[in-house]
Q: 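The structure's right below; bear with me while I get my questions together.
The structure presented is a predicted model; accordingly, all values stated were derived computationally and were not measured. To find a chain, count down the sequence lines: A is the first, B the second, and so on, and within it residues start at 1. Atom set for the values below is all heavy atoms of this structure, side chains included, hydrogens, waters and symmetry mates excluded.
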Number of protein chains: 2
Amino acid sequence: MFAIKPLNPQFDALISDKIKQKTKPLGALGLLEPLAQHLVKILSQQIENEDEFLGFQPMINQPTLIVFAGDHGVAAQGVSIAPSEVTAQMLANFVAGGAAINVFCNQLGWQLEIADCGTLTKVRNAGIRDCRLGDITEPLNQHRAMSTEQVQQGFSNAKQLVLELKSSGCNTLALGEMGIGNTTSAAAIMAAMLELPASECVGKGTGVSDEVVARKVKVVEQALLLHKAQLDNPVTLLAALGGFEVVHIVGAMLSAAEQQMVVLVDGFICTAAALVAIAINPDVKAYLIFAHSSNEQGHCKMLAHLEVRALLQLELRLGEGTGAALSLPLLQSALGFYNKMASFADAAVDDVV
Amino acid sequence: MFAIKPLNPQFDALISDKIKQKTKPLGALGLLEPLAQHLVKILSQQIENEDEFLGFQPMINQPTLIVFAGDHGVAAQGVSIAPSEVTAQMLANFVAGGAAINVFCNQLGWQLEIADCGTLTKVRNAGIRDCRLGDITEPLNQHRAMSTEQVQQGFSNAKQLVLELKSSGCNTLALGEMGIGNTTSAAAIMAAMLELPASECVGKGTGVSDEVVARKVKVVEQALLLHKAQLDNPVTLLAALGGFEVVHIVGAMLSAAEQQMVVLVDGFICTAAALVAIAINPDVKAYLIFAHSSNEQGHCKMLAHLEVRALLQLELRLGEGTGAALSLPLLQSALGFYNKMASFADAAVDDVV
C-alpha cells in the first residue's frame, strides 16, 4: 500500500561541504548541523541535478500538525486519570482554540488539523475531519482492539488527508494524538515490538498513581498473552493492540514518507506508532525527525532502540503533538543557518578548523 | 553599585492557580510550567495590586541580545583553535549579518546589539557599540588580566547600555560573547569560584585537541596560583581572571536584574559570568533563566552548583549567545499557554486532576 523511496544520497557531499564552510568551528552548532543535513536531504529529493541544487533554498512550507483523536475501550478498566468522555471534550476544546496545541500552533506557524478517528461521543463541528472507525476500540486485554479492515480503513483515511495536504503545498507534517487510555495501547505496542516485559514499557501516562501503573502493567500483560499469535505481523498487531488514532498516525507517517515530506514525531504514543510504521516499511524511518523525549519511561528506550535522538527534552507529558509543535523553530533555525550564514570566504574570516 | 530588589512573591499563588486551571493534567507541560511561573513573576513585579494583576497579560517586549566581544592575552599561549585576529573578523561578520547569531536573531525576533569591549584589531563600524577597555587583556597566567578600574568601567558601560534598552521598552535581555581564548578565562573563573581543580573546569572549547586541553589546564593552574590572594573578592577575581567581554556580561546581568528584566544566560562563558554576578549580589539569580546546557564539561557542573536546569540541550559550542537566542520561542510558548489556554471551566472539560 505504501511505496516509499529510500532517500537518494546524491547531494549529501554538497550539503555537508556547505555546512563545513559556514563561519563557525565545525560541529559548533551541535545537533542543528545533522538536523540541517537531514532536512536539506529530504527537501531536495525532487531536485534533478547539481545546478538546480546549487540554486535551491530549502524551506519548510505550510507546516501542518494533525491531532488524531480516538477512544480506547481499555480506559474503562481504570488505567487513566480521566474518563473517555474527556477525549470528545478535548476535541471540542481543539476546535474552539483553547488547548495547548492551539496556542503553540498559532504562535509558531503550524496549520492545525483535527481528525476524529472514533470517539465515544461524536463532536459535530465542521472544523473536525471525520475519520471515524467506530465509537471506541474493544478493550485490548479482552478482544482485538479492532479488525484489520478498520486498520486498512484508517491507513486509507490518513493517506487521503496527507495527499490533500501535500497538494496544497505542505512539505512538513507533525503528528499528534488525543485519546484517553492511549498510553496503555502504546505501551502494549512497544512491549510487543521490542519484546520487552510490560513493566519496562508502562509509565505514568499523563500522571497516574503507582496503583494505576500496576493495573496498566497487568492489562498489558493480559493483552500480550491474549494476542500472542497476532504479534508477528505489524497490521494484525495494530488491530490487536492499537487505537483508532494510533492507526491513523501509522498511516500518516507511511503516506507522508511516500510523498517525501518531513515527518515530525511527537512523544511516547507517536514513537510507538513509528515502530509499527518502520516494521511495515523500513524506508519510512529516513523521513522521521524525533521532536521530544518525554519522561514516560519507555520513550527513551524506544528512541535508543531506533538509534535516534530527540531535539527537545522538556518533560512534556501532554500529547496533542505539543513536543512536535515546539520543535519547529529549531528546524527553521537549522535551515536558516544553512541558507543564510556566510561562508569563511564570504566573510573574510580565517577558516579556523 | 547594583541595588537589586528580591522578587516579590505577592502574586505567586495567583500565577500557580491560573496554571493549574488550564485544560491539561497538572504538570503535563513539563518545564514550560515552572518557566511560565518564573517569567510571569519577573514580568509582574511592577504591578501594584491584585485587580491590576488580573488584567495583566505578561509579554516579552523587544527582546534584545547583546554580543560582547573581547580579546584575551592568554590566546597567544596556544589554548585556542584560532588566533585573536578572528575576534575582530567575527565582529565584522556580526555587523555584516553573516554569523549564526544574526540568522537566529532575524528568525526569532531578537534585536541584536554588538559591543566591542576591547579587541586586538579595532573594527570601525557604526553598528558596533564602543565599550573598549583596551586592546587585549594581559595573559592571566602571567599578570592580572586587567585592573579593577577596568572592571568598574566595564560594569558602568554595561549599565548604561542596559538602561538605554530598558527605556526603549525592552524587558528581556540575552547575553552572548565572542572572544578567542575566553573559555580559558571562564574555566579559571569557574575553578576559582567553585574551588575545583582546573582539570574539572577546562574543556575543549570550540573544539581543541587533547594536547591543547592539557595546556589550558596548566595555564589555569598557573593563574589560580598566581592570583591566589585576589580570589576571595569577586571584583578582584574578575580583574585577575576575566576578559573584557566577561566583565561586561557580569555588569549587564546585574544591571538588568536591577531593572527587573528577564535575563537569558547562554553557555559556558556566560554561566561563569553568572557565578561572579551572584557572588557580587545574590539577588541577581532570581532574574536569570539558563537557556542551554552545552557539552563543555564544566558547564553541567556549574548548572548543578547553581541548582538550575537549562531549557535546551543541543550540544552547541559556538557562543555568540546562540543558545540563548534559540530558547526564545520556549519563553513565548510558556507565556502563550499562560495567557491564552482555556481553563477547565472556560472549555467545559472535566478537571481530571
Side-chain angles (χ1 to χ4, degrees), chain A residues 22-32 80-83 85-86 89-90 92-93 96-100 102-104 106-108 180 205-207 294-295 311-320 322 325-326 328-330 332-333 336-337 339-343 346-350 352-353, chain B residues 22-32 80-83 85-86 89-90 92-93 96-100 102-104 106-108 180 205-207 294-295 311-320 322 325-326 328-330 332-333 336-337 339-343 346-350 352-353:
Chain A
K22 299 295 181 182
T23 47
K24 56 168 195 54
L26 189 60
L29 282 174
L31 300 185
L32 295 188
S80 289
I81 54 170
E85 284 70 18
V86 168
Q89 290 170 359
M90 284 301 296
N93 196 18
N102 298 103
V103 174
F104 299 157
N106 286 338
Q107 175 205 340
L108 298 167
I180 299 298
T206 41
S294 71
N295 273 7
L311 297 171
L312 294 169
Q313 289 82 34
L314 293 170
E315 301 184 13
L316 304 175
R317 48 185 173 78
L318 180 58
E320 303 180 5
T322 46
L326 292 171
L328 181 60
L330 294 178
Q332 291 163 327
S333 293
F337 97 76
N339 288 323
K340 295 179 188 164
M341 250 181 96
S343 69
D346 294 336
V349 173
D350 292 355
V352 293
V353 185
Chain B
K22 298 297 183 182
T23 47
K24 55 166 196 55
L26 189 60
L29 282 175
L31 300 185
L32 294 189
S80 291
I81 54 170
E85 283 70 18
V86 168
Q89 290 170 1
M90 284 302 296
N93 196 19
N102 298 103
V103 173
F104 299 157
N106 286 338
Q107 175 204 340
L108 298 167
I180 299 298
T206 41
S294 72
N295 272 5
L311 297 171
L312 295 169
Q313 289 81 35
L314 293 170
E315 302 186 11
L316 304 174
R317 49 185 171 80
L318 180 58
E320 301 180 7
T322 45
L326 292 170
L328 181 61
L330 295 178
Q332 290 163 329
S333 293
F337 97 76
N339 288 323
K340 295 180 189 163
M341 249 182 97
S343 68
D346 294 338
V349 173
D350 292 354
V352 293
V353 185

Q: Does any heavy atom of chain B fall under 4.5 Å from the side chain of A/Leu314, the backbone, both, or neither of them?
A: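 Interface part for A/Leu314: both.
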Q: Could you state the interatomic distance from OG1 (A/Thr23) to CG (B/Leu318), rounded to the nearest 0.5 Å?
A: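 Spacing of OG1 (A/Thr23) from CG (B/Leu318) equals 8.5 Å.
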Q: Measure the spacing between OG1 of B/Thr322 and NZ of A/Lys24 and express it to the nearest 0.5 Å.
A: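 Reported to 0.5 Å precision, the distance equals 10.5 Å.
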Q: With rounding to the nearest 0.5 angstrom, report the CG to CD distance, A/Leu29 to B/Glu315.
A: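 Atom-to-atom, A/Leu29:CG and B/Glu315:CD are 12.0 Å apart.
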Q: Among B/Val103, B/Asn102, B/Asn93, whose side-chain contact (heavy atoms from CB on, under 4.5 Å) with A/Met341 holds?
A: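 Filter result, single survivor: B/Val103.
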Q: Where on B/Leu316 is there a heavy atom nearer than 4.5 Å to chain A: the side chain, the backbone, both, or neither?
A: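 Looking at B/Leu316, backbone and side chain both touch chain A.
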Q: Under the side-chain contact (heavy atoms from CB on, under 4.5 Å) rule, what do B/Leu32 and A/Leu326 come out as? Steps first, then yes or no, please.
A: CA-CA 11 Å; B/Leu32 294 189; A/Leu326 292 171; 3.8 Å; yes
Q: For the atom pair CZ (B/Phe337) and CD (A/Gln107), what is the distance rounded to the nearest 0.5 Å?
A: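 Going from the CZ atom of B/Phe337 to the CD atom of A/Gln107 covers 12.0 Å.
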Q: When only pairs under 4.5 Å are counted, which of A/Pro329, A/Gly30, A/Ala342, A/Ser333 shares the most heavy-atom pairs with chain B?
A: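 Greatest number of close heavy-atom pairs with chain B: A/Ser333.
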Q: A/Val349 and B/Gln89: which non-hydrogen atoms are nearest, and at how many Å?
A: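 Looks like CA-OE1, 3.4 Å.
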Q: Measure A/Leu311 against the heavy atoms of chain B and call it side chain, backbone, both or neither at under 4.5 Å.
A: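 The backbone, not the side chain.
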Q: Checking A/Ala92 against chain B: side chain, backbone, both or neither under 4.5 Å from a heavy atom?
A: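 Nothing of A/Ala92, per the 4.5 Å heavy-atom cut-off to chain B.
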